[in-house]
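Report on the structure given below.
Residue numbers count from 1 along this sequence. Below, all heavy atoms of this structure are taken into account, side chains as well, without hydrogens, waters or symmetry copies.
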Amino acid sequence: MALEAGSSGGGGRGWGGGFRSLMRRKQVDSDRVRAKGQPQLAKELNVPELVAIGVGSTVGAGVYVLVGTVAREHAGPALTISFLIAGIAAALSAFCYAELASRCPSAGSAYHYSYICVGEGVAWLIGWALVLEYTIGGSAVARGISPNLALFFGGQDSLPWILARHQLPWFGIIVDPCAAALVFVVTVLLCVGIKEVATLIDSYKFFLFFTNTQPLMAILFEMLQSSFAQGVVTVLNACVMIFVIVAGSYIGFQIGWVGYKVSDGYFPHGVNGMLAGSATVFFAYIGFDTVASTAEEVKNPQRDLPLGIGAALAICCVLYMAVSVVIVGLVPYFAMDPDTPISSAFTEHGMQWAMYVVTSGAVLALCSTLMGSLLPQPRILMAMARDGLLPSFFSDVNKQTQVPVKSTIVTGIFAAALAFAMDVSQLAGMVSVGTLLAFTIVAVSILILRYVPPDEVPLPPSMQESFHLNQECDEETDRGLLGVGNCNLSQTKNVIVVVESVKDPLIDKRLHKGKMDETKRRKIASLSIASVCVGVLILTSSASATWLPFLPICIGCIIGVMLLLAGLSLLSWIDQDAGRHSFGHSGGFTCPFVPVLPVLCILINTYLLINLGGDTWMRVGIWLLMGVLVYVFYGRTHSSLTDVVYVPVAQADEIYRSSSGYVS
């Protein structure tokens, strides 16, 4: 019974109840809800504006901060290929994001999508990872600003003593007071109010993606009108990068591209080192989901959204690859400055004035990206608190500034502490874990949406009385007591028609066969998706375990490939679920080449995840373990889905239609 399924998502006591609570799913956003009067954003965006948004929010910390670190520690001269692989992985994820963003345009990003498609347990871990991603993203950006600022004072050690970097002798770490101070300044600005600082940032679409309150919608509309200022910053950033490419190429041809003549070859750390570099530089592409988050505002999402995403990613990828080709060629990878690789490359070849041009562009881009990195994280905390998984403290919005001040302050303190004590390579790797986990789950959500979309929806307590009345009516009908009790005349007539039709044995057999066929198809699809995920995990783990003997690696790869191909073949053979057409908001962007594209996305992202390294996973693992404990002892029992019952989609629609004026 539907009531049975729903009650299992209740308190979740015991091991069985705890497992069922992990599978609780929210109701998808729907056209019915939108029609009830929820605020809608104006459809104003076209391809050029989408490209400007994507490029402006993506170009920044990744290229100015990570080039030196990744080249020295992972990729060497093959840094260009690392950027290419990361760009391809980002592009695959972007198309998956685009469909989910157009169908479920609400607060929470990947956390929201996985809560609808996968379940509460996975959604919690993704939300917890996103909190880490954006907090550490801001810390990594702040850590990259201070050495660039120091160049204006005469060198990396020329900042005032109170802001300069210092090494703690007992702990062996280098602290960065300037980075922490910058995070605090941005936190104060964000607490004062987004409206006052909106024109200073490129990444205003993050704000759209992580909030849905009425006053903030008005602010977003005003921010949309400030596209001139945003466009200027984006153009300036692009011009600086083009200057680096042109001027660097001129120097490279003069000196004979000494960086490519190193004795270690093109892959000094091997192919796995290059792939580990791809996983780290994935951080450079995390701004692309800003484009996907604008789905509700795009004039023609079916055409413009994929073009905007593709063009923005292509431009960023080409710029990144061109810059890395030039910089790696100017300076041998082992001699690169890990903090200011681009500026230092020009200084070494006597172009001091070019160093100031590059540094100015770097500071401008990094300051813009710092605000964009710290802005969305409190909104994720707010979305999770609204679902009851975190205390309501994080969902409080200041009445005067219309900003979640409390969660913003918590975010700022945490980000400042990380920026103070951790270096960029550690921070970037941790950011990539959160990003890649989210992108992987988004791809899995696309497969679930297409093949096994939720066929039951949660019914809130306010609607459960109508559900019980309908159940009583059904029970009376089964006993032949039509027209008695709570059944009204229209319900009785409908039931009579159904009962008389079912009396025909041929119709009864056909209905029963159709139901069994659909149940079988959903079961096959579920097993196929599971086979794909398990196969990808085994394949990528085996291929990355270079410390194992050759034979176990081959066996693991063969098993992984067989499971992957079996699942992919079955998904390609069976029909997609007809319910996908009515899932969420209709008429939006549709991800192409399903199931191949999402499966490829899962494969690449998982491989990049595994190649991030043990130290990174150890640090992230501690954070995820903390998240598990928070969920077990708080979120599981305080979830907004604790007291709901689950009913079939058709029955829920009937209940909503019979309850006039209800808005979920």
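- No donor-acceptor pair under 3.5 Å is formed between the side chain of Trp128 and the backbone N or O of Val628.
- The residue from Leu597, Ile602, Leu447 that alone fulfils the side chain to side chain contact (heavy atoms under 4.5 Å, CB included) condition with Cys96 is Leu597.
- With hydrogens and angles disregarded, no donor-acceptor distance shorter than 3.5 Å links the side chain of Tyr113 to the backbone of Ser445.
- Residues Leu132 and Trp623 share a closest heavy-atom pair of CB-NE1, 3.4 Å.
- Between Trp617 and Ile610, the shortest heavy-atom contact is NE1-CA, 4.4 Å.
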Candidate pair Leu608 and Phe439, rule side chain to side chain contact (heavy atoms under 4.5 Å, CB included), full reasoning: CA-CA 11 Å; Leu608 293 178; Phe439 288 1; over 6 Å; no
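- The CG atom of Leu389 sits 11.5 Å away from the CG atom of Leu381 when rounded to the nearest 0.5 Å.
- With hydrogens and angles disregarded, a donor-acceptor distance shorter than 3.5 Å links the side chain of Arg24 to the backbone of Arg636.
- Contact detail for Thr540 and Ser544: the closest heavy-atom pair is O-OG, 2.9 Å.
- Shortest non-hydrogen contact noted between Ala276 and His74 is CB-ND1, 3.8 Å.
- Within the 4.5 Å cutoff, no side-chain heavy atoms of Asp517 are placed close to those of Arg521.
- Residues Phe95 and Ile446 fail the side-chain proximity criterion, which asks for heavy atoms closer than 4.5 Å.
- Using a distance-only test at 3.5 Å, with no hydrogens or angles considered, a donor-acceptor pair links the side chain of Ser572 to the main chain of Leu568.
- A centroid separation of less than 6.0 Å is found between the aromatic rings of Tyr285 and Tyr320.
- To the nearest 0.5 Å, atom OG1 of residue Thr519 and atom CZ of residue Arg522 are 8.5 Å apart.
- Smallest separation of non-hydrogen atoms from Glu120 and Ser639: OE1-OG, 2.7 Å.
- What you find for Ser569 and Leu565 is that their closest heavy atoms are OG-O, 2.7 Å.
- Phe83 has its side chain within reach of Leu79: a pair of non-hydrogen atoms, C-beta onward, lies under 4.5 Å apart.
- Proximity of Val536 to Leu563: side-chain heavy atoms (C-beta onward) are nowhere separated by under 4.5 Å.
- Within the model, atoms OH of Tyr607 and CG of Asn272 stand 5.0 Å from one another, a figure rounded to the nearest 0.5 Å.
- By the 4.5 Å heavy-atom criterion applied to side chains, Leu600 and Phe593 are not counted as neighbours.
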Verdict with reasoning, Ser324 to Thr80, per side-chain hydrogen bond (donor to acceptor under 3.5 Å, both in side chains): CA-CA 6 Å; Ser324 61; Thr80 305; 3.1 Å; yes
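- Proximity of Leu100 to Ile116: side-chain heavy atoms (C-beta onward) are nowhere separated by under 4.5 Å.
- Looking at Tyr631 and Leu125, their side chains never come closer than 4.5 Å, going by heavy atoms from C-beta outward.
- Of the inter-residue distances, the one linking Leu564 atom CG with Cys533 atom SG reads 10.0 Å to the nearest 0.5 angstrom.
- Two residues are said to be in side-chain contact when any heavy atoms from C-beta on lie closer than 4.5 Å; Tyr115 and Leu641 meet this criterion.
- Within the structure, salt bridge (charged side-chain N to carboxylate O under 4.0 Å, His left out) contacts touching residues 88-99 (residues at least two apart or in different chains) are Glu99-Arg103, Glu99-Arg450.
- Here Leu548 contributes atom CG and Ser542 contributes atom OG; the two are 8.0 Å apart, rounded to the nearest 0.5 Å.
- Taking CD1 of Ile538 as the start and OG1 of Thr606 as the end, the distance is 12.0 Å to the nearest 0.5 Å.
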